[in-house]
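Read through the structure below, which is laid out as structure tokens, and then see the notes.
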Amino acid sequence: MEKNIFKGSVVLNPVPVVLITSKNSEGKDNVFTVAWTGTICTKPPMLSISIRPERLSYEYIKETMEFTVNLPTRRLTRETDYCGVRSGRTNDKIKEMGFTLKDGKEVKSSYIEECPINIECKVKQIIPLGTHDLFLAEVLCSHIDSRLLDENQKIHFEWANLIAYSHGEYFPMPKEAIGTFGYSVAKKKSVEKRETLRKPTTKTNKKKTTTKKKKVKR
């Protein structure tokens, strides 16, 4: 396998692409797109986002120390891209994109109703890195579209038609799993059982309808 050397370039791809909503102390909302985000801790549940200091959302988030992560669907790809290339200083992106904002449960920042998954966060630490500052935040609660839950209350992210970002392009999330965590060391019966649980059966009650011809009196 022949390989080329690329110096000083982060080529970690693909990555999640999300819409970050925030609200300043005056109650003004803003939204912008972030591709540099990730899970960093389980207990307490924490994630991180990287933001350039010149972004308007940087000011809002640093002022209130709160933000909400919104996971867009494939249908929102154009809106997601637009929110990444336009500034809230000159454009009302929320109005232009037709987003419906809902009040947060644990934070003052709103969340986007059109996104099936919303994660409310409280900033715990800001680390200057260079071109970007790293915001470390605790996840206070999440809003999950009920249509993504099966009968066992398992979240099926593959049902949400989420998107990913890779080297300047957007891609749909695969809808089929190629393995489950730990399957490489699990016994065969355990794997089969786990795969069965992954595919819940949906019960449909179809009522038989019969149409009776009415007798017409002549």
Side-chain angles (χ1 to χ4, degrees), residues 1-22 30-62 65 67-91 93 96-97 112 115-119 121 123-139 142 155-185:
M1 182 184 296
E2 184 179 350
K3 296 186 178 181
N4 294 333
I5 302 298
F6 288 82
K7 293 184 178 180
S9 177
V10 180
V11 293
L12 179 63
N13 284 280
V15 292
V17 58
V18 300
L19 292 166
I20 302 294
T21 46
S22 58
N30 190 47
V31 58
F32 84 123
T33 306
V34 169
W36 294 352
T37 181
T39 303
I40 58 174
C41 189
T42 301
K43 292 183 181 180
M46 295 184 68
L47 55 76
S48 68
I49 59 173
S50 292
I51 313 175
R52 290 180 180 270
E54 58 266 29
R55 299 301 295 260
L56 179 62
S57 290
Y58 179 97
E59 296 179 11
Y60 283 17
I61 297 172
K62 192 171 184 179
M65 299 295 278
F67 64 87
T68 300
V69 179
N70 305 272
L71 275 60
T73 63
R74 183 172 182 171
R75 186 179 64 82
L76 296 173
T77 304
R78 179 183 177 277
E79 288 83 346
T80 301
D81 182 69
Y82 185 88
C83 290
V85 296
R86 288 289 181 263
S87 172
R89 301 184 193 279
T90 57
N91 296 71
K93 293 181 282 185
E96 291 175 1
M97 295 299 97
I112 301 174
C115 292
I117 300 164
N118 321 94
I119 309 168
C121 302
V123 177
K124 294 298 183 181
Q125 187 178 358
I126 303 174
I127 304 175
L129 300 176
T131 58
H132 293 68
D133 283 5
L134 183 66
F135 287 69
L136 309 180
E138 182 177 354
V139 174
S142 299
I155 304 173
H156 288 266
F157 293 97
E158 70 274 18
W159 296 353
N161 290 317
L162 302 176
I163 56 176
Y165 185 77
S166 181
H167 200 57
E169 297 179 296
Y170 303 95
F171 294 90
M173 179 178 172
K175 293 186 177 182
E176 290 186 8
I178 58 175
T180 56
F181 179 75
Y183 84 100
S184 62
V185 296

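All values below were derived from every heavy atom in this structure, side-chain atoms included, with hydrogens, water molecules and symmetry-related copies excluded. FYI, the numbering just counts along the sequence from 1.
- Remark: the backbone N or O of A160 is not paired with any side-chain donor or acceptor of T73 at under 3.5 angstrom.
- Expressed to the nearest 0.5 Å, how far CG of L162 lies from SG of C115 amounts to 9.5 Å.
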**Request:** Decide yes or no on side chain to side chain contact (heavy atoms under 4.5 Å, CB included) for V69 and C121, but give the supporting numbers first.
**Result:** CA-CA 8 Å; V69 179; C121 302; 4.2 Å; yes
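- In this structure, F32 CZ and T21 OG1 are separated by 10.0 Å, a value rounded to the nearest 0.5 Å.
- Looking at every heavy atom in both residues, G84 comes nearest to T33 through N-OG1, 3.2 Å.
- Put simply, the side chain of N161 never gets that close to the backbone of R74: no donor and acceptor are under 3.5 Å apart.
- Considering only residues two or more places apart in sequence or on other chains, F171 meets the side chain to side chain contact (heavy atoms under 4.5 Å, CB included) condition with S166, E169.
- The CG atom of L134 lies 5.0 Å from the CD1 atom of I127; values are rounded to the nearest 0.5 Å.
- With values rounded to the nearest 0.5 angstrom, I126 atom CD1 is found 4.0 Å from F135 atom CZ.
- Shown here are the side-chain hydrogen bond (donor to acceptor under 3.5 Å, both in side chains) partners of E138, two or more places apart in sequence or in another chain: there are none.
- The minimum heavy-atom distance linking Y82 with M97 is given by the pair CD2-CE, 3.6 Å.
- Put simply, the side chain of K175 never gets that close to the backbone of E158: no donor and acceptor are under 3.5 Å apart.
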Give the table of side-chain donor-acceptor pairs shorter than 3.5 Å for residues 51-60, with sequence neighbours excluded, one pair per line with atom names and distance.
unit_1, atom_1, unit_2, atom_2, d
S57, OG, N30, ND2, 2.9
Y58, OH, D133, OD2, 2.5
E59, OE2, R89, NH1, 3.4
E59, OE2, R89, NH2, 2.8

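- Between the side chain of K93 and the main chain of C83, a donor-acceptor pair closer than 3.5 Å is present.
- Put simply, CD1 on I20 and CD1 on I61 are 6.5 Å apart, with the number rounded to the nearest 0.5 Å.
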Got a list of side-chain donor-acceptor pairs under 3.5 Å for residues 7-19, not counting sequence neighbours?
unit_1, atom_1, unit_2, atom_2, d
N13, OD1, H167, N, 3.1
N13, ND2, V11, O, 3.3

**Request:** Check the pair I49, W36 against side chain to side chain contact (heavy atoms under 4.5 Å, CB included), reporting the backbone distance first and the verdict last.
**Result:** CA-CA 6 Å; I49 59 173; W36 294 352; over 6 Å; no
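- Legend: salt bridge (charged side-chain N to carboxylate O under 4.0 Å, His left out) pairs involving residues 75-88, not counting sequence neighbours: none detected.
- At a threshold of 4.5 Å between non-hydrogen side-chain atoms, the residues S22 and T68 do not count as touching.
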Show me, pair by pair, the donor-acceptor contacts under 3.5 angstrom made by side chains of residues 37-47, not counting sequence neighbours?
unit_1, atom_1, unit_2, atom_2, d
T37, OG1, S48, O, 2.8

